[in-house]
Amino acid sequence: MATFHLGLSYFLLLLAPSLAVVAESSPELKLNSNLLQDSIIHTINSNPNAGWKAGVNHRFSNFTVGQFKRILGARSTPKSEEAFIPHVSYPKTLNLPKEFDARKAWPQCSTIGKILDQGHCGSCWAFGAVESLSDRFCIHFGVNVSLSVNDLLACCGIWCGAGCNGGTPIFAWRHLKHFGVVTNECDPYFDNTGCSHPGCEPAYPTPKCVKKCVNGNQLWKESKHYAKNAYKVKSDPHDIMAEVYTNGPVEVGFSVYEDFAHYKSGVYKHVTGGYLGGHAVKLIGWGTSAEGEDYWLIANQWNRSWGDDGYFMIKRGTNECGIEGEVVAGMPSSRNMVNEVSDSDSAHAASM
């Protein structure tokens, strides 16, 4: 019966995409206007209460609003699915540090500190999931492996959403549990050059699922890595911090406004500009700024020419832009690994 429900819910999702798609429509004139605006930069930097600084991020210097909206591919979890998704919480007695950075906590894990680039495909939902799972393989199994965003993007199909036109993070994690993902060496990302052709039009289509490693000496099935489960973390900041502290980075979704494209430093909170869509990223830590503002530390996938060397901080504890409402993750599985490792359930202290 559960299997039937899963299939039916995905089918209904296709028929009624508005249930899950975060993005909204914008007037045509707005879509064709330049994304980066001096007026927005001035509004932010002249506001003493903004808490962050804006500037020209060269990653988007030639983008229109319409082009930027295409890369905002995170869809929210359908309400009809919430009852069927495990939700993780932690006891309040768990002592947590005032600040935490997964890069420092697990310095042996090179993937945690990597900043990638999704190009001009709305694949953020796949990046957040695959990057977090890669980190967790190192944290729990001592395996430094970069997993393939391309495999998930191309092969999850309608079960995750619409590829470069967006997907749902929790469905991505379900796919990682049931079908796994190969290594990046086996199936590298299709858009390595980013936005290179004039005007970046038309937007790149979703790559085809070929199920064959680019290196003839590697086998697709043997390259697969799996998640053991797929779950959401309750929106209480303590639960989110405890999950990251215990198990490693998580995928989070949030609403993006025009001013976010201009972020350079500080603790972001929405100040000005219209809503453009939903984005998924990797949350790796937290802390409190010198001005006393609590924040989440997040790795984006818009390369290092955006933001603070590819990272950003966003206000913590107030569900800023919905950042605490869509937190998803899964534990790495020993399934299909060459060297069998012990079960990691003992490390998963969360109560589900």
Side-chain angles (χ1 to χ4, degrees), residues 20-23 50-52 72-79 81-83 85-92 94-102 124-125 127-129 131-132 135-136 167-173 230-257 259-260 263 266-271 275-289 291-301 307-308 311-330 349-352:
V21 179
V22 178
W52 59 283
L72 303 177
R75 303 177 176 188
S76 58
T77 304
K79 297 298 183 184
E81 282 294 309
E82 288 290 349
I85 300 170
H87 284 67
V88 168
S89 64
Y90 288 79
K92 296 298 184 182
L94 180 63
N95 291 322
L96 298 169
K98 292 184 178 180
E99 63 179 41
F100 183 79
D101 185 335
C124 58
W125 58 273
F127 271 86
E131 288 186 76
S132 298
D135 296 344
R136 290 181 170 213
T168 305
I170 190 62
F171 293 166
W173 282 93
Y231 54 85
K232 293 189 73 172
V233 181
K234 290 190 176 181
S235 58
D236 187 298
H238 175 84
D239 292 325
I240 300 171
M241 290 188 286
E243 172 66 24
V244 176
Y245 181 74
T246 305
N247 294 318
V250 295
E251 180 175 17
V252 294
F254 68 107
S255 297
V256 170
Y257 297 85
D259 58 355
F260 183 71
Y263 173 88
V267 181
Y268 173 82
K269 52 183 177 288
H270 172 51
V271 176
Y275 170 83
L276 297 180
H279 189 44
V281 286
K282 185 176 74 172
L283 192 156
I284 67 171
W286 66 85
T288 302
S289 69
E291 293 71 31
E293 192 152 43
D294 294 337
Y295 65 81
W296 296 112
L297 176 62
I298 295 177
N300 204 347
Q301 58 272 354
D308 189 359
Y311 296 88
F312 70 96
M313 295 182 288
I314 186 170
K315 190 173 182 180
R316 169 169 57 96
T318 60
N319 197 27
E320 179 67 33
C321 297
I323 194 72
E324 290 151 14
E326 289 283 338
V327 183
V328 297
S351 60
M352 300 187 69

> Do the rings of Trp286 and Phe100 sit parallel, tilted or perpendicular, given the 30° and 60° boundaries?
Replying inline: parallel
> For the residue pair Ile240 and Lys234, what are the closest heavy atoms and their distance?
Replying inline: CG1-O, 3.6 Å
>> Tell me the closest heavy-atom pair linking Ala74 and Ala280, and the distance in Å.
In response: CB-N, 3.6 Å
>> Asn300 vs His279, test: side-chain contact (heavy atoms from CB on, under 4.5 Å). Steps then yes/no.
In response: CA-CA 10 Å; Asn300 204 347; His279 189 44; 2.9 Å; yes
> Minimum heavy-atom separation for Trp125 to Ala172, with atom names?
Replying inline: CE3-CB, 3.8 Å
> Is there a side-chain contact (heavy atoms from CB on, under 4.5 Å) between Val328 and Ile85 once you walk through the steps?
Replying inline: CA-CA 10 Å; Val328 297; Ile85 300 170; over 6 Å; no
> Are any non-hydrogen side-chain atoms of Tyr295 and Lys269 less than 4.5 angstrom apart?
Replying inline: no
> Taking C-beta and beyond as the side chain, do Glu131 and Glu251 meet within less than 4.5 Å on heavy atoms?
Replying inline: no
>> One pair to check against side chain to side chain donor-acceptor pair (under 3.5 Å): Trp296 and Glu324. What are the steps and the verdict?
In response: CA-CA 10 Å; Trp296 296 112; Glu324 290 151 14; 2.9 Å; yes
> What's the spacing between Asn247 CG and Asp135 CG if we round to 0.5 Å?
Replying inline: 12.5 Å
> Above 12 or not: heavy atoms from other molecules or residues under 6.0 Å from NZ of Lys98?
Replying inline: no
> Heavy-atom distance under 4.5 Å between the side chains of Ile314 and Phe260, does that happen here?
Replying inline: no
>> Evaluate Arg75 against Phe171 for side-chain contact (heavy atoms from CB on, under 4.5 Å), listing each step before the verdict.
In response: CA-CA 10 Å; Arg75 303 177 176 188; Phe171 293 166; over 6 Å; no
> Is there a side-chain contact between Lys232 and Glu326, using heavy atoms and a 4.5 Å cut-off?
Replying inline: yes
>> As a quick check of understanding, evaluate side-chain contact (heavy atoms from CB on, under 4.5 Å) for Thr288 and Glu99, giving each step before the final call.
In response: CA-CA 7 Å; Thr288 302; Glu99 63 179 41; over 6 Å; no
>> Counting only heavy atoms from other residues, nucleotides and ligands, does the tally under 6.0 Å from OH of Tyr245 exceed 12?
In response: no
